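Residue numbers begin at 1 in each chain, while the letters A, B, ... track the order of the sequences. Since we're looking at a predicted model, the values are computed, not measured.
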Amino acid sequence: MKSENYQTEIAEQQTVLEVSELRKAFGELSVLENINFTVKHGEVVAIIGPSGSGKSTLLRLINQLEQVDGGNITVCGQILCANDANSNAIYSNQEILRQIRLKIGLVFQNFNLFPHFNIERNLTEAPTVVLGQTKEEVAAHARQLLSKLGLADKAKAYPWQLSGGQQQRAAIARALALNPEILFFDEPTSALDPELTGEVLKVIRSLAEENMTMVVVTHEMAFARELADRIIFMDQGLIIENGTPDEVFSSDNARTRNFLRRYHE
Amino acid sequence: MNYSVIIPYLLEGTVTALRLFALTLLLAVPLGLIVARLRAAKSPFINLPIRFYLLLMRGTPLLLQLIFFMYFPPFVLDISIDRFMAAIIAFSLNYGAYFAEIFRGGIDSIPQGQAEAAKVLGFSPWQTFSRITLPQVIKRVIPASANECMTLVKDTALAQTIGVFELFRAAQNTTSREVSIIPIIIAGAFYLIMNSVVAAIFSRAEKKLSYYKG
(Lines give C-alpha, C1' and ligand atoms only; values in the text may rest on other atoms or scores of the structure.)
Protein backbone atom coordinates (compact mmCIF):
# COMPACT_ATOMS: atom_id res chain seq x y z
CA MET A 1 0.00 0.00 0.00
CA LYS A 2 2.73 2.36 1.05
CA SER A 3 4.88 1.60 -1.97
CA GLU A 4 1.91 2.27 -4.19
CA ASN A 5 1.45 5.69 -2.66
CA TYR A 6 5.12 6.27 -3.04
CA GLN A 7 4.91 5.40 -6.73
CA THR A 8 2.10 7.86 -7.21
CA GLU A 9 4.05 10.56 -5.46
CA ILE A 10 7.07 9.95 -7.67
CA ALA A 11 4.86 10.14 -10.72
CA GLU A 12 3.34 13.34 -9.46
CA GLN A 13 6.74 14.91 -9.14
CA GLN A 14 7.40 14.50 -12.83
CA THR A 15 7.24 17.74 -14.71
CA VAL A 16 5.09 17.41 -17.81
CA LEU A 17 5.33 21.00 -18.99
CA GLU A 18 7.94 23.61 -18.31
CA VAL A 19 7.66 27.15 -19.67
CA SER A 20 10.19 29.88 -18.97
CA GLU A 21 10.91 33.41 -20.16
CA LEU A 22 8.23 33.05 -22.79
CA ARG A 23 7.35 36.13 -24.80
CA LYS A 24 5.23 36.80 -27.82
CA ALA A 25 4.27 39.90 -29.75
CA PHE A 26 1.99 40.39 -32.73
CA GLY A 27 3.82 43.12 -34.60
CA GLU A 28 4.24 45.99 -32.16
CA LEU A 29 1.71 44.59 -29.73
CA SER A 30 3.25 42.55 -26.94
CA VAL A 31 0.79 39.85 -25.84
CA LEU A 32 2.95 37.77 -23.50
CA GLU A 33 5.94 38.78 -21.40
CA ASN A 34 8.25 36.70 -19.26
CA ILE A 35 5.86 33.79 -18.72
CA ASN A 36 7.20 31.14 -16.32
CA PHE A 37 5.35 28.14 -14.98
CA THR A 38 5.49 24.37 -14.74
CA VAL A 39 2.83 21.70 -14.73
CA LYS A 40 3.46 18.42 -12.94
CA HIS A 41 2.00 15.04 -13.75
CA GLY A 42 -1.63 14.74 -12.61
CA GLU A 43 -1.99 18.42 -11.90
CA VAL A 44 -5.00 20.44 -12.97
CA VAL A 45 -4.09 24.05 -13.66
CA ALA A 46 -6.75 26.66 -14.37
CA ILE A 47 -5.74 29.80 -16.23
CA ILE A 48 -8.03 32.74 -15.60
CA GLY A 49 -7.94 36.40 -16.53
CA PRO A 50 -9.74 39.07 -18.53
CA SER A 51 -10.18 38.87 -22.32
CA GLY A 52 -7.02 39.86 -24.13
CA SER A 53 -4.78 38.87 -21.24
CA GLY A 54 -2.94 36.37 -23.44
CA LYS A 55 -4.41 33.11 -22.08
CA SER A 56 -5.39 31.66 -25.42
CA THR A 57 -2.17 32.81 -27.08
CA LEU A 58 -0.23 30.97 -24.39
CA LEU A 59 -2.09 27.76 -25.19
CA ARG A 60 -1.64 28.30 -28.91
CA LEU A 61 2.13 28.75 -28.49
CA ILE A 62 2.47 25.51 -26.54
CA ASN A 63 0.33 23.73 -29.15
CA GLN A 64 2.46 25.06 -32.03
CA LEU A 65 -0.37 27.06 -33.54
CA GLU A 66 1.60 30.28 -33.11
CA GLN A 67 5.32 30.97 -33.35
CA VAL A 68 7.18 31.72 -30.12
CA ASP A 69 9.35 34.88 -30.21
CA GLY A 70 11.50 34.05 -27.21
CA GLY A 71 11.63 31.60 -24.33
CA ASN A 72 11.83 27.91 -23.52
CA ILE A 73 9.11 25.27 -23.67
CA THR A 74 9.78 21.69 -22.62
CA VAL A 75 7.14 18.95 -22.81
CA CYS A 76 7.81 15.63 -21.07
CA GLY A 77 11.53 16.31 -21.16
CA GLN A 78 11.55 17.10 -24.87
CA ILE A 79 12.53 20.59 -25.92
CA LEU A 80 9.95 22.32 -28.10
CA CYS A 81 11.93 25.54 -28.29
CA ALA A 82 14.78 27.11 -26.37
CA ASN A 83 16.40 30.51 -26.25
CA ASP A 84 19.64 31.20 -28.07
CA ALA A 85 22.23 33.67 -26.73
CA ASN A 86 20.10 36.61 -27.90
CA SER A 87 16.94 35.33 -26.22
CA ASN A 88 15.33 34.33 -29.50
CA ALA A 89 13.49 31.03 -29.45
CA ILE A 90 15.03 28.29 -31.59
CA TYR A 91 12.68 25.40 -32.40
CA SER A 92 13.68 21.75 -32.34
CA ASN A 93 13.61 19.75 -35.56
CA GLN A 94 10.37 18.70 -37.23
CA GLU A 95 10.47 15.13 -35.91
CA ILE A 96 10.70 16.27 -32.28
CA LEU A 97 7.98 18.86 -32.87
CA ARG A 98 5.80 16.08 -34.23
CA GLN A 99 6.49 13.82 -31.26
CA ILE A 100 5.65 16.66 -28.88
CA ARG A 101 2.43 17.40 -30.76
CA LEU A 102 1.30 13.83 -30.16
CA LYS A 103 1.86 14.17 -26.41
CA ILE A 104 -0.38 17.21 -26.23
CA GLY A 105 -4.12 17.36 -26.74
CA LEU A 106 -6.07 20.56 -27.27
CA VAL A 107 -9.79 21.10 -26.92
CA PHE A 108 -11.03 24.21 -28.70
CA GLN A 109 -13.71 26.67 -27.72
CA ASN A 110 -15.55 25.98 -30.99
CA PHE A 111 -15.00 22.20 -30.88
CA ASN A 112 -13.64 22.11 -34.46
CA LEU A 113 -14.96 18.63 -35.07
CA PHE A 114 -14.60 17.46 -38.67
CA PRO A 115 -18.11 17.91 -40.09
CA HIS A 116 -17.69 15.41 -42.94
CA PHE A 117 -16.78 12.54 -40.59
CA ASN A 118 -19.16 10.88 -38.17
CA ILE A 119 -18.25 10.99 -34.48
CA GLU A 120 -16.49 7.65 -34.51
CA ARG A 121 -14.37 8.62 -37.50
CA ASN A 122 -13.55 11.95 -35.81
CA LEU A 123 -11.97 9.84 -33.08
CA THR A 124 -10.35 7.17 -35.22
CA GLU A 125 -8.92 9.22 -38.09
CA ALA A 126 -5.83 10.54 -36.28
CA PRO A 127 -4.81 7.27 -34.57
CA THR A 128 -5.08 5.36 -37.87
CA VAL A 129 -3.60 7.97 -40.18
CA VAL A 130 -1.02 9.57 -37.90
CA LEU A 131 -0.03 6.71 -35.60
CA GLY A 132 -0.71 3.90 -38.04
CA GLN A 133 -2.66 1.85 -35.51
CA THR A 134 -4.87 -0.94 -36.82
CA LYS A 135 -8.56 -0.26 -37.46
CA GLU A 136 -9.60 -2.82 -34.84
CA GLU A 137 -7.63 -1.46 -31.90
CA VAL A 138 -8.54 2.10 -32.82
CA ALA A 139 -12.24 1.26 -33.09
CA ALA A 140 -12.23 -0.51 -29.74
CA HIS A 141 -10.55 2.43 -28.04
CA ALA A 142 -12.98 4.87 -29.68
CA ARG A 143 -16.00 2.87 -28.50
CA GLN A 144 -14.59 2.78 -24.99
CA LEU A 145 -14.01 6.54 -24.95
CA LEU A 146 -17.43 7.32 -26.38
CA SER A 147 -19.23 5.21 -23.82
CA LYS A 148 -17.15 6.76 -21.05
CA LEU A 149 -18.21 10.23 -22.19
CA GLY A 150 -21.84 9.18 -22.61
CA LEU A 151 -21.81 9.26 -26.40
CA ALA A 152 -22.01 5.55 -27.18
CA ASP A 153 -25.24 6.01 -29.15
CA LYS A 154 -23.77 8.89 -31.17
CA ALA A 155 -20.89 7.00 -32.80
CA LYS A 156 -22.55 7.03 -36.22
CA ALA A 157 -24.04 10.52 -35.91
CA TYR A 158 -22.52 13.54 -37.64
CA PRO A 159 -21.40 16.60 -35.65
CA TRP A 160 -24.32 18.76 -36.85
CA GLN A 161 -26.76 16.28 -35.32
CA LEU A 162 -25.30 16.78 -31.83
CA SER A 163 -25.96 19.49 -29.25
CA GLY A 164 -23.11 21.85 -28.37
CA GLY A 165 -22.38 19.97 -25.17
CA GLN A 166 -22.28 16.64 -27.00
CA GLN A 167 -20.02 18.12 -29.67
CA GLN A 168 -17.60 19.37 -27.05
CA ARG A 169 -17.60 15.98 -25.32
CA ALA A 170 -16.88 14.36 -28.68
CA ALA A 171 -14.02 16.81 -29.20
CA ILE A 172 -12.61 15.82 -25.80
CA ALA A 173 -12.91 12.16 -26.77
CA ARG A 174 -11.10 12.91 -30.05
CA ALA A 175 -8.20 14.47 -28.14
CA LEU A 176 -8.11 11.51 -25.71
CA ALA A 177 -8.00 9.00 -28.57
CA LEU A 178 -4.31 9.82 -29.01
CA ASN A 179 -3.58 9.16 -25.31
CA PRO A 180 -2.00 12.55 -24.65
CA GLU A 181 0.23 13.17 -21.64
CA ILE A 182 -1.34 16.56 -21.12
CA LEU A 183 -4.64 18.00 -22.23
CA PHE A 184 -5.29 21.69 -22.83
CA PHE A 185 -8.72 23.29 -22.89
CA ASP A 186 -9.23 26.70 -24.46
CA GLU A 187 -12.40 28.04 -22.87
CA PRO A 188 -14.22 24.74 -23.42
CA THR A 189 -17.61 26.00 -22.28
CA SER A 190 -17.61 29.55 -23.64
CA ALA A 191 -19.48 28.62 -26.82
CA LEU A 192 -22.13 26.66 -24.93
CA ASP A 193 -25.52 27.58 -23.56
CA PRO A 194 -25.39 27.77 -19.75
CA GLU A 195 -27.46 24.60 -19.33
CA LEU A 196 -24.92 22.65 -21.43
CA THR A 197 -21.74 23.74 -19.64
CA GLY A 198 -22.43 21.36 -16.76
CA GLU A 199 -22.08 18.20 -18.83
CA VAL A 200 -18.70 19.32 -20.20
CA LEU A 201 -17.40 20.36 -16.80
CA LYS A 202 -18.50 16.98 -15.46
CA VAL A 203 -16.31 15.26 -18.04
CA ILE A 204 -13.31 17.42 -17.13
CA ARG A 205 -13.95 16.63 -13.47
CA SER A 206 -13.98 12.90 -14.13
CA LEU A 207 -10.71 13.19 -16.06
CA ALA A 208 -9.19 14.99 -13.10
CA GLU A 209 -10.23 12.08 -10.90
CA GLU A 210 -8.32 9.78 -13.24
CA ASN A 211 -5.22 11.87 -12.69
CA MET A 212 -5.17 13.38 -16.18
CA THR A 213 -2.80 16.32 -16.43
CA MET A 214 -4.82 19.30 -17.61
CA VAL A 215 -4.48 23.01 -18.25
CA VAL A 216 -7.84 24.72 -18.54
CA VAL A 217 -8.35 28.29 -19.71
CA THR A 218 -11.74 29.15 -18.28
CA HIS A 219 -14.15 31.85 -17.20
CA GLU A 220 -15.93 29.44 -14.85
CA MET A 221 -14.56 30.72 -11.55
CA ALA A 222 -16.47 28.33 -9.31
CA PHE A 223 -15.24 25.44 -11.42
CA ALA A 224 -11.63 26.65 -11.32
CA ARG A 225 -11.78 27.09 -7.59
CA GLU A 226 -13.29 23.68 -6.95
CA LEU A 227 -11.31 21.59 -9.42
CA ALA A 228 -7.91 23.16 -9.97
CA ASP A 229 -4.83 22.27 -7.96
CA ARG A 230 -3.40 25.57 -9.03
CA ILE A 231 -4.76 28.76 -10.54
CA ILE A 232 -2.77 31.06 -12.78
CA PHE A 233 -4.20 34.54 -13.08
CA MET A 234 -3.04 36.50 -16.11
CA ASP A 235 -3.51 40.15 -16.98
CA GLN A 236 -2.07 42.15 -19.89
CA GLY A 237 0.32 39.41 -20.91
CA LEU A 238 1.76 38.79 -17.47
CA ILE A 239 1.26 36.08 -14.88
CA ILE A 240 0.02 37.94 -11.81
CA GLU A 241 -0.79 34.96 -9.62
CA ASN A 242 0.27 31.34 -9.60
CA GLY A 243 -0.91 29.48 -6.55
CA THR A 244 -3.54 27.26 -4.94
CA PRO A 245 -7.16 28.37 -5.36
CA ASP A 246 -7.23 29.54 -1.75
CA GLU A 247 -4.11 31.62 -2.22
CA VAL A 248 -5.36 33.24 -5.41
CA PHE A 249 -8.88 33.88 -4.16
CA SER A 250 -7.55 35.51 -0.99
CA SER A 251 -4.80 37.47 -2.73
CA ASP A 252 -4.08 41.06 -1.73
CA ASN A 253 -3.05 42.01 -5.25
CA ALA A 254 -5.29 44.81 -6.49
CA ARG A 255 -5.59 43.50 -10.05
CA THR A 256 -6.50 40.02 -8.86
CA ARG A 257 -9.06 41.30 -6.39
CA ASN A 258 -10.54 43.61 -8.97
CA PHE A 259 -10.91 40.79 -11.49
CA LEU A 260 -12.36 38.29 -9.03
CA ARG A 261 -14.78 40.82 -7.58
CA ARG A 262 -16.46 41.21 -10.94
CA TYR A 263 -17.11 37.48 -10.98
CA HIS A 264 -18.51 37.45 -7.47
CA GLU A 265 -21.06 40.11 -8.31
CA MET B 1 -33.79 17.00 -95.94
CA ASN B 2 -32.20 13.66 -95.35
CA TYR B 3 -32.08 13.09 -91.60
CA SER B 4 -30.23 9.80 -91.92
CA VAL B 5 -27.31 11.84 -93.29
CA ILE B 6 -27.67 14.95 -91.13
CA ILE B 7 -27.97 13.23 -87.75
CA PRO B 8 -24.80 11.08 -88.04
CA TYR B 9 -22.97 14.17 -89.31
CA LEU B 10 -24.08 16.18 -86.28
CA LEU B 11 -23.29 13.27 -83.98
CA GLU B 12 -19.78 13.21 -85.36
CA GLY B 13 -19.44 16.85 -84.32
CA THR B 14 -20.94 16.02 -80.94
CA VAL B 15 -18.26 13.41 -80.31
CA THR B 16 -15.57 16.05 -80.91
CA ALA B 17 -17.38 18.49 -78.62
CA LEU B 18 -17.50 15.82 -75.91
CA ARG B 19 -13.81 15.04 -76.36
CA LEU B 20 -12.96 18.73 -76.04
CA PHE B 21 -15.12 18.92 -72.94
CA ALA B 22 -13.69 15.83 -71.24
CA LEU B 23 -10.04 16.53 -71.98
CA THR B 24 -10.37 20.15 -70.89
CA LEU B 25 -11.90 19.12 -67.58
CA LEU B 26 -9.27 16.46 -67.07
CA LEU B 27 -6.54 19.10 -67.37
CA ALA B 28 -8.25 22.22 -66.04
CA VAL B 29 -9.46 20.81 -62.71
CA PRO B 30 -6.03 19.65 -61.46
CA LEU B 31 -4.49 22.81 -62.91
CA GLY B 32 -7.03 24.91 -61.02
CA LEU B 33 -6.27 23.09 -57.79
CA ILE B 34 -2.54 23.63 -58.15
CA VAL B 35 -2.97 27.28 -59.13
CA ALA B 36 -5.33 27.86 -56.19
CA ARG B 37 -2.67 26.51 -53.82
CA LEU B 38 0.13 28.53 -55.43
CA ARG B 39 -2.00 31.66 -55.42
CA ALA B 40 -1.98 31.45 -51.61
CA ALA B 41 1.83 31.26 -51.49
CA LYS B 42 3.45 34.03 -49.49
CA SER B 43 6.43 34.45 -51.83
CA PRO B 44 5.79 37.13 -54.48
CA PHE B 45 7.93 35.13 -56.93
CA ILE B 46 5.18 32.51 -56.97
CA ASN B 47 2.23 34.69 -56.14
CA LEU B 48 2.74 37.43 -58.74
CA PRO B 49 3.15 35.24 -61.86
CA ILE B 50 0.06 33.32 -60.76
CA ARG B 51 -1.95 36.51 -60.40
CA PHE B 52 -0.76 37.63 -63.82
CA TYR B 53 -1.85 34.33 -65.34
CA LEU B 54 -5.26 34.62 -63.71
CA LEU B 55 -5.70 38.17 -64.99
CA LEU B 56 -4.58 37.27 -68.50
CA MET B 57 -6.85 34.26 -68.82
CA ARG B 58 -9.89 35.91 -67.31
CA GLY B 59 -9.25 39.32 -68.78
CA THR B 60 -9.01 38.44 -72.48
CA PRO B 61 -11.57 36.74 -74.73
CA LEU B 62 -11.42 32.96 -74.92
CA LEU B 63 -11.83 33.38 -78.67
CA LEU B 64 -8.64 35.43 -78.78
CA GLN B 65 -6.80 32.82 -76.71
CA LEU B 66 -7.88 30.07 -79.10
CA ILE B 67 -6.52 31.97 -82.07
CA PHE B 68 -3.35 32.79 -80.16
CA PHE B 69 -2.59 29.15 -79.37
CA MET B 70 -3.40 28.16 -82.94
CA TYR B 71 -0.89 30.56 -84.49
CA PHE B 72 1.70 31.31 -81.80
CA PRO B 73 3.42 27.87 -81.73
CA PRO B 74 3.87 27.42 -85.51
CA PHE B 75 4.71 31.00 -86.47
CA VAL B 76 6.71 32.18 -83.46
CA LEU B 77 8.11 29.01 -81.90
CA ASP B 78 8.20 27.05 -85.13
CA ILE B 79 6.36 24.12 -83.57
CA SER B 80 3.61 22.56 -85.61
CA ILE B 81 0.45 22.12 -83.63
CA ASP B 82 -2.74 20.31 -84.41
CA ARG B 83 -5.94 22.41 -84.25
CA PHE B 84 -7.55 20.13 -81.72
CA MET B 85 -4.44 20.31 -79.53
CA ALA B 86 -4.41 24.12 -79.70
CA ALA B 87 -8.06 24.16 -78.63
CA ILE B 88 -7.33 21.85 -75.66
CA ILE B 89 -4.43 24.04 -74.52
CA ALA B 90 -6.48 27.24 -74.76
CA PHE B 91 -9.54 25.76 -73.05
CA SER B 92 -7.51 24.13 -70.28
CA LEU B 93 -5.51 27.25 -69.45
CA ASN B 94 -8.63 29.39 -69.56
CA TYR B 95 -10.85 27.10 -67.50
CA GLY B 96 -7.95 26.30 -65.15
CA ALA B 97 -7.93 29.97 -64.19
CA TYR B 98 -11.66 30.03 -63.47
CA PHE B 99 -11.53 26.78 -61.53
CA ALA B 100 -8.55 28.11 -59.55
CA GLU B 101 -10.59 31.05 -58.34
CA ILE B 102 -13.54 28.83 -57.47
CA PHE B 103 -11.28 26.47 -55.51
CA ARG B 104 -9.51 29.35 -53.79
CA GLY B 105 -12.85 30.68 -52.61
CA GLY B 106 -13.77 27.19 -51.40
CA ILE B 107 -10.50 26.68 -49.54
CA ASP B 108 -10.74 30.12 -47.91
CA SER B 109 -14.28 29.40 -46.75
CA ILE B 110 -13.21 26.44 -44.60
CA PRO B 111 -12.82 27.69 -41.01
CA GLN B 112 -9.22 28.02 -39.85
CA GLY B 113 -10.08 25.83 -36.86
CA GLN B 114 -10.33 22.76 -39.10
CA ALA B 115 -6.68 22.92 -40.12
CA GLU B 116 -5.67 23.82 -36.56
CA ALA B 117 -7.52 20.85 -35.11
CA ALA B 118 -5.86 18.60 -37.67
CA LYS B 119 -2.43 20.01 -36.91
CA VAL B 120 -2.87 19.50 -33.17
CA LEU B 121 -3.92 15.90 -33.86
CA GLY B 122 -0.65 15.35 -35.70
CA PHE B 123 -1.81 15.39 -39.32
CA SER B 124 0.87 16.48 -41.80
CA PRO B 125 0.05 19.44 -44.06
CA TRP B 126 -0.70 17.05 -46.94
CA GLN B 127 -2.91 14.79 -44.78
CA THR B 128 -4.74 17.88 -43.56
CA PHE B 129 -5.36 19.07 -47.09
CA SER B 130 -6.36 15.75 -48.59
CA ARG B 131 -8.45 14.38 -45.69
CA ILE B 132 -9.87 17.42 -43.95
CA THR B 133 -9.85 20.46 -46.22
CA LEU B 134 -10.36 19.09 -49.73
CA PRO B 135 -13.44 16.95 -49.01
CA GLN B 136 -15.13 19.97 -47.47
CA VAL B 137 -14.01 22.21 -50.33
CA ILE B 138 -15.56 19.85 -52.89
CA LYS B 139 -18.96 20.18 -51.28
CA ARG B 140 -18.74 23.96 -51.30
CA VAL B 141 -17.54 24.36 -54.89
CA ILE B 142 -20.12 22.09 -56.49
CA PRO B 143 -22.64 24.80 -57.46
CA ALA B 144 -20.00 27.09 -58.98
CA SER B 145 -18.28 24.18 -60.73
CA ALA B 146 -21.58 23.09 -62.25
CA ASN B 147 -21.83 26.55 -63.81
CA GLU B 148 -18.34 26.29 -65.25
CA CYS B 149 -18.97 22.85 -66.70
CA MET B 150 -22.20 23.88 -68.36
CA THR B 151 -20.48 26.92 -69.84
CA LEU B 152 -17.68 24.71 -71.11
CA VAL B 153 -20.12 22.48 -72.97
CA LYS B 154 -21.34 25.54 -74.85
CA ASP B 155 -17.88 27.08 -75.25
CA THR B 156 -16.65 24.06 -77.21
CA ALA B 157 -18.52 25.71 -80.09
CA LEU B 158 -15.78 28.36 -80.17
CA ALA B 159 -13.25 25.77 -81.33
CA GLN B 160 -14.70 26.00 -84.82
CA THR B 161 -13.06 29.42 -85.23
CA ILE B 162 -9.69 27.68 -85.48
CA GLY B 163 -11.09 25.02 -87.75
CA VAL B 164 -11.94 22.27 -85.33
CA PHE B 165 -14.87 20.35 -86.69
CA GLU B 166 -17.31 20.10 -83.79
CA LEU B 167 -21.06 20.16 -83.31
CA PHE B 168 -21.64 23.81 -84.07
CA ARG B 169 -19.51 23.72 -87.23
CA ALA B 170 -21.38 20.62 -88.36
CA ALA B 171 -24.69 22.37 -87.77
CA GLN B 172 -23.63 25.48 -89.64
CA ASN B 173 -22.32 23.47 -92.59
CA THR B 174 -25.60 21.62 -92.81
CA THR B 175 -27.64 24.79 -92.47
CA SER B 176 -25.95 26.47 -95.40
CA ARG B 177 -26.04 23.33 -97.54
CA GLU B 178 -29.72 22.60 -96.87
CA VAL B 179 -30.80 26.25 -96.53
CA SER B 180 -32.67 25.36 -93.37
CA ILE B 181 -32.38 26.34 -89.72
CA ILE B 182 -33.43 22.87 -88.60
CA PRO B 183 -29.84 21.60 -88.17
CA ILE B 184 -29.12 24.56 -85.84
CA ILE B 185 -32.19 23.68 -83.79
CA ILE B 186 -31.10 20.04 -83.62
CA ALA B 187 -27.62 21.16 -82.48
CA GLY B 188 -29.28 23.29 -79.80
CA ALA B 189 -31.16 20.22 -78.61
CA PHE B 190 -27.89 18.27 -78.49
CA TYR B 191 -26.22 20.94 -76.34
CA LEU B 192 -29.26 20.94 -74.10
CA ILE B 193 -29.13 17.17 -73.70
CA MET B 194 -25.42 17.25 -72.86
CA ASN B 195 -25.98 19.95 -70.27
CA SER B 196 -28.95 18.13 -68.75
CA VAL B 197 -26.58 15.25 -68.09
CA VAL B 198 -23.98 17.61 -66.59
CA ALA B 199 -26.61 19.25 -64.38
CA ALA B 200 -27.94 15.84 -63.30
CA ILE B 201 -24.46 14.62 -62.35
CA PHE B 202 -23.83 17.70 -60.23
CA SER B 203 -27.17 17.62 -58.51
CA ARG B 204 -26.57 13.97 -57.68
CA ALA B 205 -23.16 14.80 -56.23
CA GLU B 206 -24.74 17.59 -54.23
CA LYS B 207 -27.35 15.23 -52.86
CA LYS B 208 -24.72 12.65 -52.03
CA LEU B 209 -22.73 15.18 -49.98
CA SER B 210 -25.77 16.54 -48.17
CA TYR B 211 -25.30 13.98 -45.38
CA TYR B 212 -23.33 16.58 -43.45
CA LYS B 213 -23.60 20.29 -42.81
CA GLY B 214 -20.91 22.87 -42.41
Side-chain angles (χ1 to χ4, degrees), chain A residues 56 59-60 62-66 94-95 97-119 121-133 156-162 167 170-171 173-180 182-186 191, chain B residues 29 32-33 36-37 40-44 47 102-146 201-214:
Chain A
S56 291
L59 252 56
R60 292 173 62 82
I62 299 167
N63 282 281
Q64 304 178 41
L65 294 175
E66 302 282 353
Q94 285 298 327
E95 177 52 27
L97 295 187
R98 201 183 80 90
Q99 287 173 15
I100 290 175
R101 219 173 275 145
L102 293 175
K103 289 185 174 143
I104 299 180
L106 174 63
V107 175
F108 296 85
Q109 182 177 341
N110 302 318
F111 333 131
N112 290 336
L113 289 169
F114 303 131
H116 57 309
F117 292 157
N118 66 25
I119 298 304
R121 180 109 186 252
N122 263 280
L123 268 69
T124 56
E125 189 75 356
T128 30
V129 173
V130 177
L131 299 180
Q133 294 173 354
K156 299 295 174 203
Y158 284 86
W160 66 274
Q161 296 167 312
L162 269 56
Q167 287 189 50
R174 180 177 69 176
L176 291 172
L178 287 168
N179 292 316
I182 179 166
L183 194 51
F184 290 86
F185 294 82
D186 189 4
Chain B
V29 169
L33 209 50
R37 293 277 285 174
K42 287 193 184 83
S43 161
N47 195 331
I102 291 173
F103 296 156
R104 183 170 69 96
I107 292 169
D108 285 351
S109 75
I110 307 297
Q112 189 61 33
Q114 290 290 305
E116 290 185 349
K119 186 177 181 186
V120 170
L121 289 168
F123 289 96
S124 69
W126 170 246
Q127 287 167 339
T128 303
F129 182 71
S130 61
R131 290 170 181 271
I132 307 300
T133 310
L134 190 59
Q136 297 185 55
V137 168
I138 289 172
K139 175 173 172 140
R140 291 182 192 214
V141 301
I142 281 181
S145 301
I201 289 170
F202 275 97
S203 84
R204 236 184 114 161
E206 210 165 321
K207 206 176 239 167
K208 212 174 160 207
L209 289 174
S210 67
Y211 70 89
Y212 76 89
K213 288 179 185 170

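- Chain A forms the most heavy-atom pairs under 4.5 Å with one residue out of A117(B), A118(B), S124(B), and that residue is A117(B).
- Between H116(A) and Y212(B), the two ring planes are tilted [angle within 30° to 60°].
- P115(A) is listed as a side-chain neighbour of Q136(B), based on a closest heavy-atom distance under 4.5 Å.
- Looking at Q114(B), the atoms closer than 4.5 Å to chain A (heavy atoms on both sides) sit in the backbone and in the side chain alike.
- Closest of all the heavy-atom pairs between K119(B) and R101(A) is O-CD, 2.9 Å.
- Looking at F111(A), neither its backbone nor its side chain comes within 4.5 Å of chain B, counting heavy atoms on both sides.
- For chain A, no part of A115(B) is nearby; none of its heavy atoms comes within less than 4.5 Å.
- Other residues, nucleotides and ligands contribute over 12 non-hydrogen atoms within 6.0 Å of the CD atom of E95(A).
- Looking only at heavy-atom pairs under 4.5 Å with chain B, the residue among N110(A), L113(A), I104(A) that has the most is L113(A).
- Within the 4.5 Å cutoff, no side-chain heavy atoms of V120(B) are placed close to those of F184(A).
- With contacts defined as side-chain heavy-atom distances shorter than 4.5 Å, the pair F114(A)/L121(B) qualifies.
- The greatest number of non-hydrogen atom pairs below 4.5 Å with chain B, out of E125(A), R98(A), Q161(A), is found for E125(A).
- Interface remark: of the candidates N63(A), L131(A), L65(A), L65(A) forms the most heavy-atom pairs closer than 4.5 Å to chain B.
- Only the side chain of F108(A) comes within less than 4.5 Å of a heavy atom of chain B; its backbone N, CA, C and O stay farther away.
- The part of R60(A) that comes within reach of chain B is its side chain, from C-beta onward, which places non-hydrogen atoms under 4.5 angstrom from that chain.
- Residue V130(A) comes nearest to F123(B) through the heavy atom pair CG2-N, 3.8 Å, listed as atom of the first residue, atom of the second, then distance.
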